[in-house]
Asker: 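First, the structure itself, so that you have it in front of you.
Every heavy atom of this structure was used, including side-chain atoms; hydrogens, water molecules and symmetry mates were not. Throughout, protein chains are lettered first and strands after them, A, B, ... in sequence-line order, and every chain is numbered starting at 1.
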2 protein chains.
Amino acid sequence: MRRTKAEAKETRQQILLAAEKVFYEKGVAHASMEDVARAAGVTRGAIYWHFANRADLVLELYNSLPMPQEELIARELEAENADVFGVLERVGREWLELLAEDEHRQRILSILLRCDHTGEFAVISERQNDIDDEHMQALEAAFVKAQGQGKLGGAWTPRSAASMLRWVIKGLCSEWLLFGRRFDIASEGKDALRRLFATYSAPTPST
Amino acid sequence: MRRTKAEAKETRQQILLAAEKVFYEKGVAHASMEDVARAAGVTRGAIYWHFANRADLVLELYNSLPMPQEELIARELEAENADVFGVLERVGREWLELLAEDEHRQRILSILLRCDHTGEFAVISERQNDIDDEHMQALEAAFVKAQGQGKLGGAWTPRSAASMLRWVIKGLCSEWLLFGRRFDIASEGKDALRRLFATYSAPTPST
DNA sequence: CAACATACAAACATCGCTGTATGTTAATTC
DNA sequence: GAATTAACATACAGCGATGTTTGTATGTTG
């Protein structure tokens with residue numbers, strides 16, 4: 001029954017797809033490896049060959065998501081006179097559009113939002129937190145630049161602006177994913193970002 | 001061994017306190033009822049006498065949190081010339097202060113943030129979603145009123161303003177609770193709310 | 001002060017699921 | 001083309017926890 005390397009990769013992919021489906025429907029905690037195996041058309045042996053355990057399987061599910069090119073964005077912001085708000089707003093919009101189009105991303109992020117974050121799954125949360133931290137640092141740096149250009153108005157600090165942006169995007173995504181995707185996230189997100197960035201550049205109030 | 005009614009209530013309270021402690025430290029999924037029983041100084045028998053199962057225990061933990069007087073707030077907003085933004089900003093601030101002071105609330109909300117939301121725990125999430133929905137409706141109604149008073153500027157709609165407010169408060173609380181409470185949520189929250197409400201009343205931009 | 005209900009403790013019955021160890025077949029490797 | 005090893009399937013061992021049932025002593029009620 002030995003399969004060729006290409007077939008093995010195929011099997012691994014099938015397992016990931018099955019895990020996505022089963023975990024999404026039953027929840028990570030309540031789906032057994034046997035459930036996943038059946039959905040993938042293999043036995044648990046195959047799963048334990050490709051993945052160490054359930055936590056590893058979930059982690060690989062997360063890793064299977066292609067992440068947006070952050071370096072490319074960073075380079076765009078390098079220029080002295082870069083339009084920071086323009087770039088950030090566009091990037092945020094693109095992220096929401098990416099999520100709106102990619103059902104795999106939707107399901108995997110839903111799984112992660114709803115699963116337990118303690119014990120063996122803590123590594124996954126930490127992973128997400130690390131990425132989040134990097135994003136925050138990049139965002140804050142960008143807002144520092146905008147501030148240097150005299151474009152950050154109101155009582156905003158780079159940190160407060162970055163936090164607010166992240167909360168809005170996170171809130172938007174969480175609500176959309178956990179609540180049955182009952183609105184057009186791309187268009188509503190576009191509007192929300194529009195309003196938010198408008199407030200960043202508002203003049204400092206006198207009061 | 002039969003205890004008096006007062007003693008029974010006492011036992012129930014001890015179990016809730018133990019559950020809070022144990023679930024917070026080990027996570028709902030990885031703590032056994034035996035763990036909770038030991039921490040409470042009783043046997044599992046006592047727990048199953050007072051609570052149907054683990055999900056019920058967690059739900060009662062959530063129910064043990066006194067919720068802010070929403071009717072009182074609603075009444076404050078009833079007046080024709082009510083200062084909607086002033087009231088909402090104050091209520092938000094008070095909520096953050098309440099959380100900052102109450103360690104039980106902190107631990108219980110942390111537990112709920114990190115636990116699995118599928119299967120038997122779905123009822124708890126639904127409960128929270130219902131409350132969230134009510135809040136959103138109340139918020140939206142309040143912003144409608146503000147709009148009627150001509151106070152809602154920018155490109156804000158009552159709904160978008162309400163959503164943004166909720167995302168900010170949720171983001172603030174989640175980040176604080178999940179990330180080790182590493183900042184002064186009351187003071188930083190106050191600032192964030194200040195900035196946010198300032199943007200609500202900003203004049204509609206010409207661009 | 002019976003009779004009953006309450007508030008638990010202790011014992012029981014399983015049971016699903018996990019991880020591993022072993023078996024088997026077919027690709028690779030040399 | 002023999003030896004090796006990759007890619008699984010199958011069989012196994014064992015646990016840890018859950019919900020329930022039974023036991024029992026003590027409040028409570030009429």
Asker: List, one per line, each side-chain donor-acceptor pair under 3.5 Å for residues 96-108 of chain B, sequence neighbours excluded.
Answerer:
{"residue": "Asp102(B)", "atom": "OD1", "partner": "His104(B)", "partner atom": "N", "Å": "2.9"}
{"residue": "Asp102(B)", "atom": "OD1", "partner": "Arg105(B)", "partner atom": "N", "Å": "3.2"}
{"residue": "His104(B)", "atom": "ND1", "partner": "Glu20(B)", "partner atom": "OE1", "Å": "3.0"}
{"residue": "His104(B)", "atom": "ND1", "partner": "Glu20(B)", "partner atom": "OE2", "Å": "2.9"}
{"residue": "Arg105(B)", "atom": "NH1", "partner": "Pro66(B)", "partner atom": "O", "Å": "3.4"}
{"residue": "Arg105(B)", "atom": "NH2", "partner": "Pro66(B)", "partner atom": "O", "Å": "2.5"}
{"residue": "Gln106(B)", "atom": "OE1", "partner": "Arg181(B)", "partner atom": "NH1", "Å": "2.6"}
{"residue": "Gln106(B)", "atom": "NE2", "partner": "Leu99(B)", "partner atom": "O", "Å": "2.8"}
{"residue": "Gln106(B)", "atom": "NE2", "partner": "Ala100(B)", "partner atom": "O", "Å": "3.1"}
{"residue": "Arg107(B)", "atom": "NE", "partner": "Glu20(B)", "partner atom": "OE2", "Å": "2.7"}
{"residue": "Arg107(B)", "atom": "NH2", "partner": "Glu20(B)", "partner atom": "OE2", "Å": "3.1"}

Asker: What string of B, S and - do you get for nucleotides 13-21 of chain C 5' to 3' if you count protein non-hydrogen atoms under 4.0 Å?
Answerer: ----SBBB-
Asker: According to a strict under-4.0 Å criterion, is Thr4(B) in side-chain N/O contact with OP1 or OP2 of dT26(D)?
Answerer: no
Asker: Nearest whole angstrom, please: distance from the P of dG19(D) to the CH2 of Trp49(B).
Answerer: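 Going from CH2 in Trp49(B) over to P in dG19(D) covers 17 Å.
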Asker: Between Glu60(A) and Asn63(A), is there a side-chain donor-acceptor contact under 3.5 Å, judged purely by atom types and distance?
Answerer: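 Yes - a donor-acceptor pair under 3.5 Å links their side chains.
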Asker: So which one's nearest nucleotide on DNA chain D is more toward 5', Ile47(A) or Glu7(B)?
Answerer: Ile47(A)
Asker: Enumerate the residues from residues 8-28 of chain A whose closest heavy atom to DNA chain D is under 4.0 Å, giving them by residue number; use none for an empty result.
Answerer: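 When residues 8-28 of chain A is checked for heavy atoms under 4.0 Å from DNA chain D, the hits, listed by number, are Ala8(A), Thr11(A).
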Asker: Without decimals, in angstroms, what is the distance between Asp56(B) CG and dG19(D) C1'?
Answerer: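 Asp56(B) atom CG is separated from dG19(D) atom C1' by 14 Å.
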Asker: For the residue pair Trp167(B) / Glu175(A), report whether a side-chain donor-acceptor contact shorter than 3.5 Å exists.
Answerer: yes
Asker: Could you tell me whether Arg127(B) and Asp130(B) have a side-chain N and a carboxylate O separated by less than 4.0 Å?
Answerer: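 No salt bridge links Arg127(B) with Asp130(B).
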Asker: According to a strict under-4.0 Å criterion, is His50(B) in side-chain N/O contact with OP1 or OP2 of dA7(C)?
Answerer: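 Result: no.
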Asker: Minimum heavy-atom separation for Lys145(B) to Ala82(B), with atom names?
Answerer: CE-CB, 4.3 Å
Asker: Strictly by modelled atom types, are Ser160(B) and Ser163(B) linked by a side-chain donor-acceptor pair under 3.5 Å?
Answerer: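 Note: Ser160(B) and Ser163(B) side chains miss the donor-acceptor criterion.
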Asker: Between dG19(D) atom P and Leu57(B) atom CG, what is the distance in whole Å?
Answerer: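 Distance check: Leu57(B) CG to dG19(D) P gives 11 Å.
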Asker: Could you state the CZ-C1' distance from Arg2(A) to dT4(D), rounded to the nearest angstrom?
Answerer: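 Between C1' of dT4(D) and CZ of Arg2(A): 9 Å.
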Asker: Please determine whether a side-chain nitrogen of the Lys or Arg among Asp191(A) and Arg194(A) lies less than 4.0 Å from a carboxylate oxygen of the Asp or Glu.
Answerer: no
Asker: Write down the distance between CZ (Arg3(B)) and P (dT24(D)), rounded to a whole number of angstrom.
Answerer: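 Taking CZ of Arg3(B) and P of dT24(D), I get 17 Å after rounding.
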Asker: What pair of heavy atoms forms the shortest contact from Leu88(B) to Ala142(B), and how long is it?
Answerer: CD1-CB, 4.1 Å
Asker: Is any NZ, NE, NH1 or NH2 atom of the basic residue among Asp116(B) and Arg114(A) found under 4.0 Å from an Asp or Glu carboxylate oxygen of the other?
Answerer: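 No.
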